[in-house]
Amino acid sequence: MKIHEYQAKELFRKYDVPVPQGQVAFSREEALNVADLLGGYPVVVKAQIHAGGRGKGGGVKLAPSRQEAGNIADEILGMTLVTHQTGPEGRLVQKLLVEAGQDIAKELYLSMLVDRETAKVVIMASREGGMDIEEVAANTPEKIIKIYVDPLMGIQNYQLGELGFGLAIPKPARKQFAGLVRQLYTLFVANDCSLVEINPLILTADDQVLALDAKVDIDSNAMFRHKDLLEYRDLDEEDPQEVEASKFNLNYVNLDGNVGNIVNGAGLAMATMDIIKLAGAEPANFMDVGGGASADQVENALRIILMDEKVKAVLINIFGGILRCDIFAEGVVQAAKKTGINIPVVVRMEGTNVDEGKKILADSGLDLTSAVDLKDAAAKIAAAI
Ligand code: GDP
Ligand code: MN
């Protein structure tokens, strides 16, 4: 689960990770109220969306005066902010973070994420922080320091030393820096994060370290034990179809192609997407109804896929194991009758009660194309498109 910068900074404050003073604002008036509370200029006005690269896209601006703060708030609120992470359609800005402007001496990069290969949290850091960290990683990977934290031992002092040395943290700031890294690691583990990123982590002219930006992703699989964090979820930032699918425990990911597909099991879903591509078509989604789906769930799956206007044909690929083919077929018929499918549908079904399933589909009067196997299904869907 992604959260906003202002929420991530609220979490940082709870763990004593230093951040600039500031507050979220939903209108020009609120933005000015926050600026007044901060009691001085410049202030920074920052678009709050679930995507990075805001600075380059014009979503982060320094306001030298109250008047300018008002103008900038007007300009950013309601804008469609396009960054390298939003895609060309951009994101509508509905919230701002207004913060006390900082005097930056140096911009550093610091992040923590789960390294699957070593099954450890890896701390990544670089002296080359700021807006071009992707280029640093691509062109000069040796400038990125990586420290692997043993989950039983936690962060060791020598590792903090290595980080401080690698980032050239000046002596007066080292203690504060070490404390920040420790606290950040505590936050990461306690909240089941999958990513915490501070870019930039700044050194101020008076040798303070401060998280100027904050990105926190929480492992969605762990949300059941972080009910308090659920209030941070912002449905405005999520794909409406994915939100709808999550209500029914369907694993759904929206993609760019035009072949909708419904599959039971993640592995089969991946294989089905591959075979759609191999046949020269493009999948519009990943939809795994799971091993033990009910007819209702199948109905919801089909309904959600048909909500998507770019879907021009649907491939249903079911291996009936725990989910019996007859149950599945009932779901398809239910859904088709309610939604009125008016695009080609190809069904490939195999496994438990396959004959009963096929009979239900055949007797339904629906215009479905059946496929004998996966290859046949892919060829038929490509032809339909
Ligand atoms: P991002 O572009 O989405 O990653 O947004 P950031 O929060 O990282 O802001 C982008 C850039 O704005 C930073 O790299 C800084 O250079 C600049 N910036 C943000 N806050 C301040 C501030 O308080 N003072 C100054 N001088 N620059 C700031
Ligand atoms: Mn940033």
Side-chain angles (χ1 to χ4, degrees), residues 2-13 17-25 31 34-35 37-66 68-69 72-73 75-77 79-87 90-113 124-138 143-144 167 180 184 193 195-217 234 237:
K2 290 184 180 173
I3 66 176
H4 285 294
E5 176 193 7
Y6 77 91
Q7 298 165 324
K9 282 179 169 166
E10 200 170 282
L11 210 53
F12 279 17
R13 281 194 192 96
V17 173
V19 295
Q21 273 200 33
Q23 271 178 44
V24 67
V34 177
L37 282 175
L38 295 174
Y41 287 88
V43 298
V44 188
V45 181
K46 310 181 80 175
Q48 298 296 287
I49 56 170
H50 282 187
R54 297 162 302 165
K56 282 190 175 161
V60 176
K61 292 203 164 144
L62 218 55
S65 66
R66 194 172 195 277
E68 268 303 296
I72 293 172
E75 181 192 325
I76 297 182
L77 267 179
M79 87 187 279
T80 300
L81 182 54
V82 179
T83 80
H84 64 94
Q85 287 185 8
T86 60
R91 225 24 108 59
L92 179 68
V93 182
Q94 293 172 295
K95 311 170 178 70
L96 301 172
L97 173 60
V98 181
E99 282 189 336
Q102 303 301 316
D103 193 2
I104 304 175
K106 185 92 190 74
E107 297 198 345
L108 308 169
Y109 175 88
L110 179 69
S111 69
M112 297 185 183
L113 59 147
M124 298 213 276
S126 176
R127 288 186 203 192
E128 312 286 327
M131 293 194 267
D132 294 315
I133 191 68
E134 286 89 350
E135 278 166 38
V136 176
K143 288 188 176 165
I144 309 236
L167 292 176
L180 180 150
L184 206 63
C193 297
L195 171 77
V196 171
E197 184 182 59
I198 304 177
N199 187 31
L201 174 73
I202 60 160
L203 279 165
T204 61
D206 53 351
D207 285 331
Q208 299 292 309
V209 277
L210 211 59
L212 206 64
D213 193 4
K215 179 169 168 51
V216 170
D217 291 353
D234 184 349
E237 294 285 327

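In listed order, ligands and their atoms are each counted from 1.
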Which single N/O/S atom of Asp213 lies at minimum distance from the Mn ion (ligand 2)? OD2
Could you tell me which atoms of ligand 1, counted from 1 in the order shown, lie closer than 4.0 angstrom to a heavy atom of Asp213? 1 (P), 4 (O), 5 (O), 6 (P), 7 (O), 8 (O)
Tell me whether Gln85 contacts the main-chain N or O of Gly52 through its side chain, where contact means a donor paired with an acceptor under 3.5 Å. yes
Nearest 0.5 Å, what's the CG-OG distance between Leu201 and Ser111? 11.0 Å
Glu107 versus ligand 1: do any nitrogen or oxygen atoms come within less than 3.5 Å of each other? yes
Check whether any N, O or S atom of Glu197 sits under 2.8 Å from the Mn ion (ligand 2). no
Is it the side chain (CB and beyond), the backbone, both or neither of Leu62 that lies under 4.0 Å from ligand 1, heavy atoms counted? side chain
Do Asp234 and His4 pair up side chain to side chain, a donor and an acceptor below 3.5 Å, judged on atom types alone? yes
Does atom 21 (C) of ligand 1 have a protein non-hydrogen atom under 4.0 Å from it? yes
Check Glu5 with Lys46, please: is the shortest side-chain N to carboxylate O separation under 4.0 Å? yes
Could an N or O of ligand 1 be found under 3.5 Å from any N or O of Lys56, whether backbone or side chain? no
Is there a donor-acceptor pair under 3.5 Å between the side chain of Lys106 and the backbone N or O of Arg127? yes
Between Leu81, Val60, Val43, flag the one that comes closest to atom 12 (O) of ligand 1 by a heavy atom. Val60
Below a 4.0 angstrom heavy-atom separation, can you tell me which part of Glu99, side chain or backbone, both or neither, approaches ligand 1? neither
